**Q** 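My structure is below; once you've seen it, I'll send some questions.
Below, chain A is the first sequence line, B the second, and so on; all start at residue 1. Nothing here was measured: the structure is a model prediction, and the numbers come from that model.
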Amino acid sequence: MKNSPTVDEQLDMLGRMVAVRHLEERLGELHKAGKTRGPIHRCDGQEAVGIGATAMLDDEDLLTSTHRGHAHYVGKGVGLHPIVAEILGRATGACAGRAGHMLIADVKKGLLGGNAIVGGGIPAATGFAVSLQMKNRADGGQRVAMCIFGDGAAQTGICHESMNIAALWKLPVIFVLEHNQYGLTAHHSTQSSVPDLSVRAAGYGMPSEIVDGNDVIAVHRAVGAAVERARRGEGPSLIEAKTYRMVGFSTSDVGGYQKDEDLATWRERDPIVLARAMLADAVPAERLDAVMAAARAEVDAAVEQALGDPLPVFAEHAPSAPYTVAGA
Amino acid sequence: MAMMRYAEALRSALREEMQRDPSVWLMGEDIAVYGGVFKVSKDLMAEFGPERVRDTPISEQTLTAMAVTAAMSGTRPVLEIMYADFLPLSVDALMNQASIYNYIWNGQVTMPFVLRTQGGGGAGAGAQHSKSLDALVAHIPGLKVVAPATAADAKGLLKAAIRDDHPVIFLEHKLLYNTRDEVPDGDHLVEIGKARIARVGSDVSIIASSKMVVDALKAADELAKEGISAEVIDLRTLRPLDRETIKASIARTHHAVVVNEGWCFCGYAAELSATIMESCFDDLDAPVERVATHDIPIPYSEPLESTVLPDANKIAAAARRALA
Ligand SMILES: Cc1ncc(C[n+]2csc(CCOP(=O)(O)OP(=O)(O)O)c2C)c(N)n1
Ligand SMILES: [Mg+2]
């Protein structure tokens, strides 16, 4: 099928998904041990969306993410060590400890960046797309912007405003709606009058598709087609990937609102199990085991290294203009 | 008197006012089924039903504008904005709608709504979840702004805010929700616009609000060991400002330290400093000392965040400078 990933691409995505899952597990432990600050928003169960949607992007394509961005970061090619070190507040982190886990950016990799103002990434990607469209027209390039955002973010006013402008100006942007059923603790049925948010695309004259967000190949195909369309200069698309968060909203979540039967149903559709099963015919089990083990080992090595890294010193990272210390 | 956590005191204020007045209702993100991310509205939906305790979509700009008009048309909404960092989304409705109508329509309308939110750093929540934006809202004419430091004041001021016929911005602090103190029984109301002397002293007046009162009291303990007697004024209301209490204190101590957890430049502490210059100049023996947050986005990593924010040590050092 068109836009289907090759076996090697599938193996790469499987490895990245396993790395993200293991990262989330390690971060859960580190949080419990008091080694991270603030809440951690894990994406266990949603890895196929972030990894599948970003697989066909280049470093020159710009991605905006959310407060739940670990799969997006890894998918966009940010190194595991700079991610972990940032979350542990180390001077060696992707942003030298200034950003924390929700706000990571890596300009070289085209990640700009995590965003904890819900909805904030949507106009951000739209603005990137204007600039990229102008640059593409000037040099014949095919750069695109992508925004991965949640079902909660889809209810913000800026989501509507961004999509209207993106469609109006035929911007090279792909809106990937990561529909995990909840905005924080609120079920989507308390957030919008329609279950499928992609119906809204029709109101902008923008193509849309609903895809199984736990099937990394399906995500890759649907988003891949939207990316190609944007690269051809035909404008924006909306892909709604249906998935489910298998853990709490964040490490501060006291629970009580996710149904046990829903959790059980979705655990059976664990995207990593599905991704591995889809490779079973083409790749021997030992090779799959090795890919998964290598991904976990890479995370463990990043964590060990980051735990030994120094914390930042304010004076060494002294703010430069336009920032100032109080009274200066 | 009952020992209560700050969050519980807020909840009991909401419950009592909802029992007293059927036109009071609540809206906000995750406040109904979940009971709020800081659990302030826990169990209230069960008691008052989903019409009066509403979960909303993530739509702060619209929710704030709706609170304004709902309040003009016969009900008393209490809107929760989860983090003060999201106040900029509300500011158009506050600045261009809420603040103007009572005045430009010549008193034809009142606007009894309360916007509750919480701010403040120290929790490692990063640059978009740690700010104190007191100055942003206190700048707006027509709004009242309160910022309680204790459970007792949290309860008494929230009840007063809900009964007030004008918009009240109610600023809580994430690090205060679990602090406890004695809350008076019965229909406990605290008048908006009245500061409180949190500690009596004779050498220097430290003027603070919200969590900075806790830090100022710690600083006063330290200063006492050095023989310095610091008076701590808990403003409780940021607008309208209780100038009389400040003036009377400085008339006795002749030295002033102003403290605010917001950014320093154009911040709330600057307003305090200007007020003192205007009304206490002859009483001052030294320039006013200001303690506020560095003019930098609040960083995540602990050594960076703790350097940027004001704390007891910085307040004590400012008092020593004032007295030097
Ligand atoms: C403007 C704004 N309002 C509220 C919040 C608090 N908040 C953080 S995440 C979240 C839910 C977001 O839901 P969704 O977009 O579906 O993302 P998910 O958490 O499901 O990944 C809320 C309400 C915020 N960070 N920013
Ligand atoms: Mg969601």
**Q** Measuring heavy-atom distances to chain A, does B/Ser306 have an atom under 4.5 Å in its side chain, in its backbone, in both, or in neither?
**A**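 Neither part, no heavy atoms under 4.5 Å.
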**Q** For A/Leu103, is it the side chain, the backbone, both or neither that has a heavy atom under 4.5 Å from a heavy atom of chain B?
**A**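 Just its side chain gets close to chain B.
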**Q** Once you measure the plane-to-plane angle for A/Tyr204 and A/His160, does it fall in the parallel (<30°), tilted (30-60°) or perpendicular (>60°) bin?
**A**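 Answer is tilted, since the angle falls between 30° and 60°.
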**Q** Could you check if a side-chain atom of B/Tyr6 sits within less than 4.5 angstrom of a side-chain atom of B/Glu172, using non-hydrogen atoms only?
**A**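 Yes, close enough: below the 4.5 Å cut-off.
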**Q** In terms of heavy-atom pairs under 4.5 Å, which option from B/Pro303, B/Ala125, B/Pro310, B/Gly126 contacts chain A the most?
**A**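 Ranked by contacts with chain A, first place is B/Pro303.
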**Q** Contact part of A/Ala154 toward chain B, heavy-atom cut-off under 4.5 Å: side chain, backbone, both or neither?
**A**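 Contact with chain B is absent: no heavy atom of A/Ala154 under 4.5 Å.
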**Q** Is chain A contacted by the side chain of B/Phe265, its backbone, both, or neither, given a heavy-atom distance below 4.5 Å?
**A**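 When you check distances to chain A, no heavy atom of B/Phe265 falls under 4.5 Å.
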**Q** Examine whether an atom of A/Thr36 lies under 4.5 Å from a heavy atom of chain B, and if so say whether it belongs to the side chain, the backbone or both; otherwise answer neither.
**A**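 It is both, since atoms from each part get that close.
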**Q** Select, from A/Gly100, A/Gly157, A/Gly93, the one with the greatest count of heavy-atom pairs under 4.5 Å involving chain B.
**A**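 Heavy-atom pairs under 4.5 Å are most numerous for A/Gly100.
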**Q** Counting heavy-atom pairs under 4.5 Å with chain B, which one of A/Pro39, A/Gly97, A/Gly38 comes out on top?
**A**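 Answer, by heavy-atom pair count under 4.5 Å with chain B: A/Gly97.
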**Q** Taking the side chain as every heavy atom from C-beta outward, state whether A/Leu27 and A/Leu30 have any pair of such atoms under 4.5 Å apart.
**A**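 They are in side-chain contact.
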**Q** Go through the atoms of B/Glu305 and report whether side chain, backbone, both or neither lie under 4.5 Å from a heavy atom of chain A.
**A**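 It is the side chain, since no backbone atom gets that close.
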**Q** Among A/Leu311, A/Thr190, A/Leu88, A/Val254, which residue has the highest count of heavy-atom pairs closer than 4.5 Å to chain B?
**A**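 Among the listed options, the one with the most contacts to chain B is A/Val254.
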**Q** Determine, using ring centers only, whether A/Phe314 and B/His294 are less than 6.0 Å apart.
**A**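 Judged by ring-centre distance (under 6.0 Å), B/His294 and A/Phe314 do meet the cut-off.
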**Q** Quick one: what part of B/Ala127 sits under 4.5 Å from any heavy atom of chain A, side chain, backbone, both or neither?
**A**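 Both backbone and side chain.
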**Q** Taking the six-membered ring where the residue is Trp, are the ring centres of A/His187 and A/Tyr257 under 6.0 Å apart?
**A**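 No, the ring centres sit 6.0 Å or more apart.
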**Q** Below 4.5 Å from any heavy atom of chain A, which atoms of B/Thr62 appear? Answer side chain, backbone, both or neither.
**A**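 Neither the backbone nor the side chain of B/Thr62 comes within 4.5 Å of chain A.
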**Q** Could you tell me if the side chain of A/Arg245 sits less than 4.5 Å from the side chain of A/Gln46, heavy atoms only?
**A**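 The answer is yes; the side chains approach within 4.5 Å.
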**Q** Report, by ascending residue number, the residues of residues 28-47 of chain B in heavy-atom contact with chain A at a distance under 4.5 Å; give 'none' if the set is empty.
**A**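 Only B/Asp30, B/Tyr34, B/Val37, B/Lys39 of residues 28-47 of chain B have a heavy atom under 4.5 Å from chain A.
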**Q** Is any side-chain heavy atom of B/Pro297 closer than 4.5 Å to one of A/Tyr323?
**A**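 A/Tyr323 reaches B/Pro297 side chain to side chain.
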**Q** Quick one: what part of B/Glu302 sits under 4.5 Å from any heavy atom of chain A, side chain, backbone, both or neither?
**A**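 Both backbone and side chain.
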**Q** Is B/His139 atom NE2 crowded by more than 12 heavy atoms from other residues, nucleotides or ligands, each under 6.0 Å away?
**A**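 It does not: B/His139 NE2 has 12 such atoms or fewer within range.
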**Q** Check each atom of A/Ala186 against the heavy atoms of chain B and say whether the ones under 4.5 Å are side chain, backbone, both or neither.
**A**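 Its backbone and side chain both get close to chain B.
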**Q** Where is the tightest heavy-atom contact between B/Ala93 and B/Ala65, given as atom of each residue plus distance?
**A**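 The pair with the smallest heavy-atom distance is CB-N, 3.6 Å.
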**Q** Using side-chain heavy atoms (C-beta onward) and a distance below 4.5 Å, is B/Leu94 in contact with B/Thr64?
**A**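 They are in contact (side-chain heavy atoms under 4.5 Å apart), so the answer is yes.
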**Q** Flag the one option from B/Leu89, B/Val291, B/Thr56, B/Ile298 with the top tally of heavy-atom pairs under 4.5 Å to chain A.
**A**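 The candidate making the most pairs under 4.5 Å is B/Thr56.
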**Q** Considering only heavy atoms and a distance below 4.5 Å, find which of B/Ile58, B/Thr293, B/Val308, B/Asp85 pairs most often with chain A.
**A**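 Heavy-atom pairs under 4.5 Å are most numerous for B/Ile58.
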**Q** Within the supplied structure, the quantity of interest is the number of heavy atoms (other residues, nucleotides, ligands) at a distance under 6.0 Å from A/Glu261 CD; does it exceed 12?
**A**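 Check passes, neighbour count above 12.
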**Q** Taking the six-membered ring for Trp, are A/His70 and A/His101 closer than 6.0 Å centroid to centroid?
**A**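 Yes, ring centres under 6.0 Å apart.
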**Q** Scan B/Arg54, B/Arg11, B/Arg116 and name whichever one has a salt bridge (Lys or Arg N to Asp or Glu O under 4.0 Å) with B/Glu80.
**A**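 It is B/Arg116, the one option of B/Arg54, B/Arg11, B/Arg116 that forms the salt bridge (Lys or Arg N to Asp or Glu O under 4.0 Å) with B/Glu80.
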**Q** Please name the pair of heavy atoms, one in B/Ser209 and one in B/Asn260, separated by the smallest distance, quoted to 0.1 Å.
**A**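 Result for this residue pair: OG-ND2, 4.1 Å.
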